[in-house]
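First up is the structure itself, then whatever we jot down about it.
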Amino acid sequence: MRRGSVHTSYSPSAVRDAPGQWRNVAADWRQIGSPLRPCAADIGHFSQVMERWQAQHSSQRPQGLILGVTPELYNLPWSPQRPVLAVDRTPAMIDAIWPGDSSNVMLADWRETGLERANIDIALCDGGLHLLDHPEGQRQLAEHLAHIVVPGGLIAFRLFALPAVPETTDDVLQDLMSGDIRDLNVLKLRLGMALQESPEWGVNLADVWQTLANLADGEWSKLAGHLGWSTDHLRVIDAYRGSPASYHFTGINYVLRLFADAGFEWQTTLQADYALSERCPVVAFRRGT
């Protein structure tokens with residue numbers, strides 16, 4: 001099969017950041033950890049599904065694609081003959097955390113990469129599906145991947161999936177004040193899911209910020225002291241202040257149906273063992289022929 005050429009378009013001097021929280025997230029990247037970033041166990045699961053696919057396609061030189069610029073995914077065992085590509089729409093994230101060559105990054109929406117049909121063998125995404133509106137944006141992504149991934153190709157997502165038993169906001173805040181939430185990374189995921197009334201509406205990040213600001217009564221340092229966290233760590237939540245963005249969390253069964261409808265066959269679901277790992281499985285699919 002002859003592949004179409006890949007044209008990248010990232011030029012730091014020619015673009016501006018999209019509105020939202022990502023410029024601040026990029027600045028605070030070192031403060032962000034599991035489960036919002038993949039840990040060693042998650043990376044092991046991505047490696048496992050990649051190596052299994054590569055063993056079944058040993059004669060190929062696969063072209064890889066990362067949705068986002070997650071450094072941990074860049075460091076996976078990609079084919080040395082073909083540099084892995086990435087696509088992200090936020091220059092600040094690309095500049096701050098992408099460890100590869102900027103010529104291999106496309107500044108674009110994941111649903112409109114500009115890649116030609118059947119260009120990608122392996123596509124990976126860490127914790128990104130919920131960033132798109134539900135159901136339309138998520139459906140568009142699944143259909144675009146079906147367009148650019150080769151028949152028999154692999155896609156794998158680490159999800160942020162809703163728990164089987166929903167939590168309330170009061171549940172989360174009570175656990176927080178009781179010292180049962182270890183850090184902001186866990187808190188943001190739990191609180192965001194608890195505040196969401198439906199996947200269609202999603203949860204506005206500004207509402208997550210406001211909920212914590214109300215609890216802190218305007219004094220981050222006092223709340224941080226009560227929790228035993230550093231004030232700098234707690235203030236990372238300020239990336240959400242005034243953000244127009246919303247997250248749209250769904251359940252894992254919906255995700256399985258979403259990709260099945262787009263022509264992907266479920267291969268495996270892998271779950272690690274850390275705080276909230278039951279909400280963060282790695283799910284792998286094969287592009288149908």
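Keep in mind the model is a prediction, meaning the values are calculated, not measured. As a basis for the values below, the full set of heavy atoms in this structure was taken, side chains included, without hydrogen atoms, waters or symmetry mates.
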**OP:** Mind running side chain to side chain contact (heavy atoms under 4.5 Å, CB included) on V283 and I155 for me, showing each step along the way?
**Re:** CA-CA 8 Å; V283 184; I155 66 169; over 6 Å; no
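- In this structure, W78 and M50 have side chains that are in contact, with non-hydrogen atoms separated by less than 4.5 Å.
- A donor-acceptor contact shorter than 3.5 Å links the side chain of S230 to the backbone of H233.
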Subject >> L215 vs L176, side chain to side chain contact (heavy atoms under 4.5 Å, CB included): CA-CA, chis, key distance, verdict >> reply: CA-CA 10 Å; L215 184 68; L176 176 66; 3.6 Å; yes
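- Salt bridge annotation for R61-D121: absent, with no cationic side-chain nitrogen under 4.0 angstrom from a carboxylate oxygen.
- The heavy-atom pair separating E143 from A262 by the smallest distance is N-CB, 4.2 Å.
- Note that CG of L154 is 10.0 Å distant from CZ of R52, once rounded to the nearest 0.5 Å.
- Ring geometry, F259 versus F157: the interplanar angle falls from 30° to 60°, so the pair is classed tilted.
- Environment of CD in Q174: sparse, with no more than 12 heavy atoms of neighbouring residues, nucleotides or ligands closer than 6.0 Å.
- We find that D183 and R37 are not joined by a salt bridge, their nearest charged nitrogen and carboxylate oxygen being 4.0 Å or further apart.
- With contacts defined as side-chain heavy-atom distances shorter than 4.5 Å, the pair L65/L124 does not qualify.
- Contact of the V150 side chain with the I120 side chain is not registered, since no non-hydrogen atoms from C-beta on lie closer than 4.5 Å.
- No donor-acceptor pair closer than 3.5 Å links the side chain of T70 to the backbone N or O of L73.
- Within 6.0 Å of CG on D101 lie more than 12 heavy atoms contributed by other residues, nucleotides or ligands.
- Put simply, the side chain of T90 never gets that close to the backbone of A92: no donor and acceptor are under 3.5 Å apart.
- Within 6.0 Å of CZ on R241 lie no more than 12 heavy atoms contributed by other residues, nucleotides or ligands.
- For the pair G68 and A86, the tightest heavy-atom approach, listed with the atom from each and the gap, is O-CB, 3.5 Å.
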Original post:
Under the side-chain hydrogen bond (donor to acceptor under 3.5 Å, both in side chains) criterion, do E219 and S221 qualify, and how do the steps go?
Top reply: CA-CA 5 Å; E219 296 186 49; S221 59; 5.1 Å; no
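- The backbone N or O of N204 sits nowhere less than 3.5 Å from a side-chain atom of Q196 that would complete a donor-acceptor pair.
- Under the 3.5 Å distance criterion, the side-chain polar atoms of S277 are matched with a main-chain donor or acceptor of Y274.
- Note: H130 and F249 have parallel aromatic rings, judged against thresholds of 30 and 60 degrees for the angle between ring planes.
- At a cut-off of 3.5 Å, with distance as the only test, no side-chain donor of S178 or D175 sits close to an acceptor on the other residue.
- For the pair Y254 and H134, the tightest heavy-atom approach, listed with the atom from each and the gap, is CZ-CE1, 3.2 Å.
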**OP:** Apply salt bridge (charged side-chain N to carboxylate O under 4.0 Å, His left out) to R158 and D42, showing your working.
**Re:** CA-CA 8 Å; R158 188 169 71 96; D42 299 316; 3.8 Å; yes
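- Considering only heavy atoms from C-beta on, L132 stays 4.5 Å or farther from R139 through its side chain.
- Between atom CG of residue L205 and atom NZ of residue K188 there is a gap of 9.0 Å, rounded to the nearest 0.5 Å.
- At least one donor-acceptor pair under 3.5 Å links the side chain of N119 to the backbone N or O of E116.
- Contact annotation: the side chain of Y247 never approaches that of L129 to less than 4.5 Å [non-hydrogen atoms, C-beta and beyond].
- Linking ILVMFWY side-chain heavy atoms closer than 4.5 Å, directly or via other members, places W201 and V203 in two distinct hydrophobic clusters.
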**OP:** Take R279 and E167 through the test salt bridge (charged side-chain N to carboxylate O under 4.0 Å, His left out) and record every step on the way to the result.
**Re:** CA-CA 13 Å; R279 305 190 197 187; E167 292 186 294; 3.0 Å; yes
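- Residue-environment remark: CD (E112) stays at or below the threshold of 12 foreign heavy atoms within 6.0 Å.
- Between D126 and L36, the shortest heavy-atom distance links the atoms OD2-O, 4.1 Å.
- Atoms CG and CZ, from L131 and R89 in turn, are 8.5 Å apart once rounded to the nearest 0.5 Å.
- No more than 12 heavy atoms of other residues, nucleotides or ligands sit less than 6.0 Å from atom CD of E197.
- Residue Q267 comes nearest to F285 through the heavy atom pair CG-C, 3.8 Å, listed as atom of the first residue, atom of the second, then distance.
- One N or O on the side chain of W229 and one on the backbone of R182 form a donor-acceptor pair closer than 3.5 Å.
- Atom CG of L223 and atom CZ of R235 lie 11.5 Å apart (nearest 0.5 Å).
- The side-chain heavy atoms of Q54 and I122, taken from C-beta on, include a pair separated by under 4.5 Å.
- Within the model, atoms OG1 of T268 and CZ of R286 stand 15.0 Å from one another, a figure rounded to the nearest 0.5 Å.
- Minimum heavy-atom separation, V172 to A194: CG2-CB, 3.9 Å.
- In this structure the side chain of L159 never reaches within 4.5 angstrom of the side chain of C280, judged on heavy atoms.
- Checked by atom type and distance alone, the side chain of N75 never pairs as donor or acceptor with a backbone atom of E72 at under 3.5 Å.
- Once rounded to the nearest 0.5 Å, the distance linking CG of D273 with SG of C39 reads 9.5 Å.
- No donor-acceptor pair closer than 3.5 Å links the side chain of W110 to the backbone N or O of H144.
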**OP:** Please lay out, stage by stage, how F264 and L145 fare under the test side chain to side chain contact (heavy atoms under 4.5 Å, CB included).
**Re:** CA-CA 9 Å; F264 289 92; L145 287 172; 4.0 Å; yes
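- A donor-acceptor distance shorter than 3.5 angstrom exists from the side chain of H248 to the backbone of P199, with no hydrogens or angles considered.
- At least one side-chain heavy atom of I237 sits less than 4.5 Å from a side-chain heavy atom of W220.
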Subject >> R190/I181 under side chain to side chain contact (heavy atoms under 4.5 Å, CB included): CA gap, chis, key distance, verdict >> reply: CA-CA 9 Å; R190 285 185 61 183; I181 296 180; 3.5 Å; yes
